[in-house]
Amino acid sequence: NFNINNDIRSLCRQGHLKEALSILNNNAHYNSIDSSTYVSLLQVCIQNKSNALPYAKLIHAHIHLKGFMFNKSVGNTLVNVYAKCGSLAEAQKVFEKMPYRDVCSWSIMISAYSTHGLPKEALELFHQMRKIGPKPNHFTFASILPVCASLGCLEEGMQIHEEIKGLGFERDQFVGNALVDFYAKCGNLEDACKVFDKMPRRDKVSWTILIRVYFQKGCIREALELFGKMPQRD
RNA sequence: CGUGCAUAGUGG
């Protein structure tokens with residue numbers, strides 16, 4: 001039983017979804033599959049997101065049957081799988097029916113709306129989270145900032161920035177990049193640079209964001225100059 | 001009962 005889980009997980013690690021699933025379907029150890037194994041199976045679906053939706057549904061059925069929806073990791077991963085495999089409707093359904101929605105669940109769903117080109121819905125959900133959900137964290141903020149940018153919500157984004165500062169999330173790489181991009185997309189190049197300059201670490205994404213804005217504005221000189229300062233440019 | 005493993009975020 002230890003081994004059946006390890007076997008499935010190792011097949012998952014190698015990306016062999018069908019082999020892993022055949023164990024899940026045929027085996028007498030059916031009752032011994034644990035929550036972490038279900039998560040691994042779902043992860044492989046995400047890796048093969050272009051054609052894994054039917055497999056995700058199959059795994060979902062198992063999970064439902066075994067009562068593993070009560071496991072947070074499993075539930076959250078399931079929402080993510082549906083979103084990533086292209087079924088926003090299913091993701092939504094699972095999200096709404098989950099026994100517990102933690103900050104991770106909310107963040108996944110917000111990001112799902114955003115990814116599917118529904119920023120208004122993403123922002124609405126964020127507002128609902130404010131009212132009835134857990135406190136947003138750095139993951140949530142990194143997901144909501146692009147939403148504010150795409151909706152042109154400069155004011156709200158700036159308020160969120162203040163909140164981020166207060167919580168010390170400005171140092172998070174993803175949040176920092178999202179902030180630079182937010183200001184850049186809102187046409188506030190000054191604040192974009194301010195955040196960029198304050199960053200404790202700048203990665204490829206940070207540089208790309210800023211260089212791109214300069215190009216888009218037609219400031220070729222500045223763009224090239226920045227590019228020249230970039231540490232690891234390839 | 002204990003242990004190990006397993007879930008979300010930024011630009012193009």
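None of these values were measured; they are calculated from a predicted model. Proteins come first, then strands; the chains are lettered A, B, ... in the order of their sequence lines, and each starts at number 1. Side chains are part of it too, since the values below use all heavy atoms of this structure and drop only hydrogens, waters and symmetry mates.
Applying the 6.0 Å contact sphere to NZ of A:Lys165 captures more than 12 heavy atoms from other residues, nucleotides or ligands. The environment of NZ in A:Lys49 is sparse: at most 12 heavy-atom neighbours from other residues, nucleotides or ligands sit within 6.0 Å. By the neighbour-count criterion of 12 heavy atoms within 6.0 Å, atom NE2 of A:His127 is densely surrounded, having more than that number from other residues, nucleotides or ligands.
At a threshold of 4.0 angstrom between heavy atoms, the contacts of A:Val175 include nucleobase atoms, whether or not backbone atoms are also involved. A:Asp172 comes within contact range of at least one nucleobase, with a heavy-atom separation under 4.0 Å.
Aromatic rings of A:Trp106 and A:Phe126 (six-membered ring for Trp) have centroids beyond the 6.0 Å cut-off, not under it.
Atom pair A:Leu226:CG and B:G11:C1' shows a separation of 14 Å (rounding to whole Å applied). Rounded to whole Å, the distance from CD on A:Glu170 to P on B:U10 is 19 Å. One interatomic measurement links the two molecules: CG of A:Asp102 to P of B:A6, which rounds to 17 Å at whole-angstrom precision.
The shortest distance between the side-chain N/O atoms of A:Lys84 and the OP1/OP2 oxygens of B:G9 is below 4.0 Å. Phosphate contact (OP1/OP2 of B:A6, side-chain N/O of A:Gln43, threshold under 4.0 Å): absent.
Residue A:Asp181 has its side chain nearest to B:G11 when only B:U7, B:G9, B:G11 are considered. With B:U10, B:U7, B:G9 as the candidates, the nucleotide lying closest to the side chain of A:Val39 is B:U7.
In this structure, the side-chain contact (heavy atoms from CB on, under 4.5 Å) partners of A:Cys186, at least two apart in sequence or on a different chain, are A:Leu154, A:Phe182. Considering only residues two or more places apart in sequence or on other chains, A:Glu155 meets the side chain to side chain donor-acceptor pair (under 3.5 Å) condition with none of them. Scored by the side chain to side chain donor-acceptor pair (under 3.5 Å) test, A:His161 finds A:Glu170, A:Tyr183 as partners (sequence neighbours excluded). Partners of A:Phe196 by ring-ring contact (aromatic ring centres under 6.0 Å, His included), not counting sequence neighbours, listed by chain and number: A:Trp207. A search for side chain to side chain donor-acceptor pair (under 3.5 Å) contacts involving A:Ser87 returns nothing, not counting sequence neighbours. Under the side-chain contact (heavy atoms from CB on, under 4.5 Å) criterion, A:Phe139 pairs with A:Ser107, A:Asn137, not counting sequence neighbours. With sequence neighbours excluded, no residue satisfies side chain to side chain donor-acceptor pair (under 3.5 Å) with A:Asp172. Scored by the side-chain contact (heavy atoms from CB on, under 4.5 Å) test, A:Arg171 finds A:Pro200 as partners (sequence neighbours excluded).
With hydrogens and angles disregarded, a donor-acceptor distance shorter than 3.5 Å links the side chain of A:Thr115 to the backbone of A:Ser111. Side-chain atoms of A:Asn5 come within 3.5 Å of backbone atoms of A:Asp34 as a donor-acceptor pair (strictly under, hydrogens ignored).
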Tabulate protein N/O versus nucleotide N/O from nucleotides 2-4 of chain B, keeping only pairs under 3.5 Å, one per line.
none

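Below the 3.5 angstrom threshold, one finds no donor paired with an acceptor across the side chain of A:Asn137 and the base of B:G9.
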Nucleotide pairing, RNA chain B (Watson-Crick or G-U, distances under 3.5 Å), in dot-bracket with [ ] and |: ............
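Within residues 139-146 of chain A, the residues that place at least one heavy atom under 4.0 Å from RNA chain B are, in residue-number order, A:Phe139, A:Ala142, A:Ser143, A:Pro146. RNA chain B lies under 4.0 Å from at least one heavy atom of each of the following residues of residues 62-80 of chain A: A:Asn71, A:Lys72, A:Ser73, A:Asn76, A:Thr77, A:Asn80.
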